[in-house]
Amino acid sequence: MQARTQPARGMRDFLPADVRRREYVIGLIKEVYERYGFEPLETPAVENIETLMGKYGEEGNQLIFKILKRGEHERTGEADLALRYDLTVPLARVVAEYRDKLPKFFKRYQIQPVWRADRPARGRFREFYQCDVDVLGSRSMVVEAELCAAASEALQRLGFNDFTIRLNHRQVLAGVLDAAGISPDKHGDALVALDKLDKIGREGVAKEFSERGIAPEAGHGLLDFFKKLGELEHAAQIVAGEPTENGSALSETAALNRATLGRLVEFVGDHEAGARGIDELSYIVTFVEASSTGAKIKIDPGLARGLSYYTGAIMEINVPDLAGSLGGGGRYDNLVGMFLGQNVPACGFALGLERIILVMTEREMFPRNLAEAPAEVMVTIWNEASIADSLKLASDLRDEGLKVDLYPDADKIGKQFKYASSRNIPLVAIVGDEERERGDVSLKDMRTGEQMLMPRERVAQTVREKLSEA
RNA sequence: GCGAUAGUAGCUCAGCUGGUUAGAGCGCCGGUCUGUGGAAUCGGAGGUCGAGGGUUCAAGCCCCUCCUAUCGCCCCA
């Protein structure tokens, strides 16, 4: 009859120390986003199923957690609701619904869980938090630049400095594939194969191209283009010499981005949409160079992203020690239109909270004192007769604004000290028979072992002094 | 969804080619200490060996199914 106590597959319980870490990260991200002028938004966990279906591509549809109809309809197996798959589509729905109440440029952040019926793996769960920032209402590349800067600053505040924001563009991607002579219906296949370039190498990709029915000349042309891009990077590194230096890293990145753009122009030629995309990328890198984020951004013509609603720039953040990405985003000018009938330009960025926490935990990037003391002072209970005194003292100290734990049992005093010690509570207050007679309280500093006797009224002040000493 | 590896005490792990009552360290609880934690010392509890089935005289070990985690593929934050 022993029930299973593990949470459902891919779902997790967060114990107090976990929650403290999560809140620490969320707090810092919020702070940065607020400083960029973003406003908070929350939406329901559940959406009508039509709201989500068809927005994420074929693969995405299958990964949506669907909720069966209730009541009599349950037996049909039909679903009318679903758990949200991301925060972007609900945002588009909200903008379509409240267009008149929202500002012309709606800048919002949203930090909430989303659900995907995926197979769990390292850094991948079925319930996970995304930290989204989006700007709606503008086609300007200033938006892309600001979003990159905001996400980048959030990561830097958390202590990351070895991340890269890879930048690409859906139209440029299309332009490159067209220019290579890959037929439009094979673009998807080409991208999937191309994405594995650094894993399986040129020959591997070439093999996969042919398996996926891509014309050999087209495949070769494409691989050739990427080979030359790779050489570009190599050259830039040699020129810059020390890539770790801040100053030279910036110019190196900028130079590389310029060179990459140049190659793209050559290769894509007069492909109209592609050329426009290249212009947009060039604006973004120029705008971004105005801030320290510039050194973090790298145009990567091989970057593809799964979600089907992206229409323009796409980006992704990576760190060396994580296979997946720390976050990603892009422009999706047509998504709101799917709800409203009228397009509202939009661009957004999502940071993956779970992956940030995973890497931060492995690298021990959390402040030491985060998970520790649940209270600043613990009040002991001397005996059954003195419970009221202890309650009163705890209450008074709480009124003084202190975090106070009250030991619940009249255990041996040594046991109570041991408990306080194990919980890392720095101070312990004792009202024993002697103290009570004189209206005094003993206060022990668990860190030094020092113990002082004082009038009741002075306890709060002394606790504060002791806390600030450390 | 496919393939691979792993799961033994709260934690980290031993456990030989299947062979009696499954071990260690750390942690936990208690005593030494009748108003005091951390140290020392002595003692104690705790495991249906991930779950369920099968083979065998005998299963932690072999076989099957499932669960969970991790690694590739696929995809993604």
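Residue numbers start from 1 in every chain, and the chains themselves are labelled A, B, ... in the order their sequence lines are given, proteins ahead of strands. Just so you know, these numbers use all the heavy atoms, side chains as well, and skip hydrogens, waters and symmetry mates.
Not a single donor-acceptor contact under 3.5 angstrom links the side-chain atoms of Gln451(A) to the base of G37(B). No donor-acceptor contact under 3.5 Å links the side chain of Lys415(A) to the base of G37(B).
Separating the C1' atom of G38(B) from that of G27(B) is a span of 15 Å, rounded to the nearest Å. Here the separation of A24(B) from C42(B), taken at their P atoms, is 15 Å to the nearest Å. For the P atom pair drawn from C62(B) and G18(B), the interatomic distance equals 8 Å after rounding to whole Å. C49(B) and U8(B): their P atoms are spaced 12 Å apart (whole Å). Of the P atoms belonging to U56(B) and U12(B), the separation is 37 Å, rounded to the nearest Å. Spacing of P atoms, C61(B) relative to A77(B), comes out at 42 Å, to the nearest Å. Rounded to whole Å, the separation between the P atoms of G19(B) and C2(B) comes to 35 Å. A45(B) and G30(B): their C1' atoms are spaced 10 Å apart (whole Å).
Classification of the Tyr56(A)-Tyr85(A) ring pair by plane angle, with boundaries at 30° and 60°, yields tilted.
Across all strands shown, U12(B) is found opposite A24(B) as a Watson-Crick or G-U wobble partner, with both distances under 3.5 Å. U17(B) makes up no base pair with any nucleotide shown, lacking Watson-Crick or G-U wobble contacts both under 3.5 Å. In a base pair of the Watson-Crick type (N1 to N3 plus N6-O4 or O6-N4) or a G-U wobble (N1-O2 and O6-N3), with each distance short of 3.5 Å, A69(B) is matched with U5(B). For A40(B), the paired nucleotide is U32(B), the pair qualifying as Watson-Crick or G-U wobble because both relevant distances are below 3.5 Å. Nucleotide C49(B) forms no Watson-Crick or G-U wobble pair with any nucleotide shown, as no partner meets the under 3.5 Å limit on both distances.
The side chain of Arg122(A) sits closest to U70(B) out of U70(B), A77(B), G31(B). With distances taken from any side-chain atom of Arg116(A) to the nucleotides A77(B), U70(B), U36(B), the minimum falls on A77(B). Considering only the side chain of Ile413(A), U36(B) comes nearest among G31(B), U36(B), U68(B). In the set C76(B), U68(B), G37(B), G37(B) carries the atom at the smallest distance from any side-chain atom of Ser421(A).
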| message | Could you walk me through whether Asp86(A) and Tyr309(A) satisfy the side-chain hydrogen bond (donor to acceptor under 3.5 Å, both in side chains) test, starting with their C-alpha distance in whole Å, then the side-chain angles of each, then the deciding distance to 0.1 Å, before giving a yes or no? | response | CA-CA 12 Å; Asp86(A) 71 357; Tyr309(A) 51 64; 2.6 Å; yes

| Arg423(A) vs Asp405(A), salt bridge (Lys or Arg N to Asp or Glu O under 4.0 Å): CA-CA, chis, key distance, verdict | CA-CA 10 Å; Arg423(A) 306 284 292 133; Asp405(A) 193 10; 5.6 Å; no

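Stacking is not found between Trp382(A) and the pyrimidine-like six-membered ring of the G35(B) base under the 5.5 Å centre-distance and 30° plane-angle cut-offs.
At a threshold of 4.0 angstrom between heavy atoms, the contacts of Tyr129(A) with the nucleic acid are absent. Within the nucleic acid shown, Gly60(A) has no heavy atom closer than 4.0 Å to any nucleic acid atom. Residue contacts for Arg119(A): at a heavy-atom cut-off of 4.0 Å it reaches a base atom on one of the strands shown. Among the heavy atoms of the strands lying under 4.0 Å from Leu326(A) are primed sugar atoms or P, OP1, OP2 only; no base atom is included. Using a 4.0 Å heavy-atom cutoff across all strands shown, Gln416(A) reaches no nucleic acid atom at all. Here Val114(A) lies out of heavy-atom contact (under 4.0 Å) with every strand. Within the nucleic acid shown, Glu435(A) comes within 4.0 Å of at least one base atom, counting heavy atoms only.
Rounding to whole angstrom units, CD1 of residue Ile64(A) and C1' of C76(B) are separated by 14 Å. Remark: P of U70(B) and CZ of Arg9(A) are 10 Å apart, rounded to the nearest angstrom. For the pair Asp389(A) CG and G35(B) P, the computed distance is 18 Å after rounding to whole Å. Remark: P of U32(B) and NZ of Lys418(A) are 13 Å apart, rounded to the nearest angstrom. Summarising the geometry, the separation between CE on Met11(A) and P on A69(B) is reported as 11 Å, rounded to the nearest angstrom. Residue Phe160(A) contributes atom CZ, which lies 17 Å from atom P of A77(B) at whole-angstrom precision. In this entry the distance linking CG of Asp445(A) with P of U36(B) reads 18 Å, nearest Å. Distance, Asp118(A) CG to U70(B) C1': 16 Å, rounded to whole Å.
One distance of note links CG of Leu167(A) with CD1 of Ile284(A); it measures 5.0 Å at 0.5 Å rounding. Residue Asn168(A) holds its CG atom at 11.5 Å from CE of Met315(A), rounded to the nearest 0.5 Å.
Nearest-nucleotide assignment on RNA chain B puts the 5′-proximal partner with Thr448(A), out of Thr448(A) and Arg305(A). Each of Arg355(A) and Met446(A) was matched to the nucleotide of RNA chain B holding its nearest heavy atom; the match closer to the 5' end belongs to Met446(A).
OP1 and OP2 of G37(B) both lie 4.0 Å or more from every side-chain N or O belonging to Arg423(A).
Annotation: cation-pi geometry not satisfied between Arg305(A) and Tyr310(A) (NZ/CZ under 6.0 angstrom from ring centroid, within 45° of ring axis). In this structure, Lys30(A) fails the cation-pi test against Tyr109(A), since its NZ or CZ atom is not both closer than 6.0 Å to the six-membered ring centre and inside 45 degrees of the ring normal.
Note on Asp433(A) versus Arg436(A): salt bridge recorded, some NZ/NE/NH1/NH2 to OD/OE distance being below 4.0 Å.
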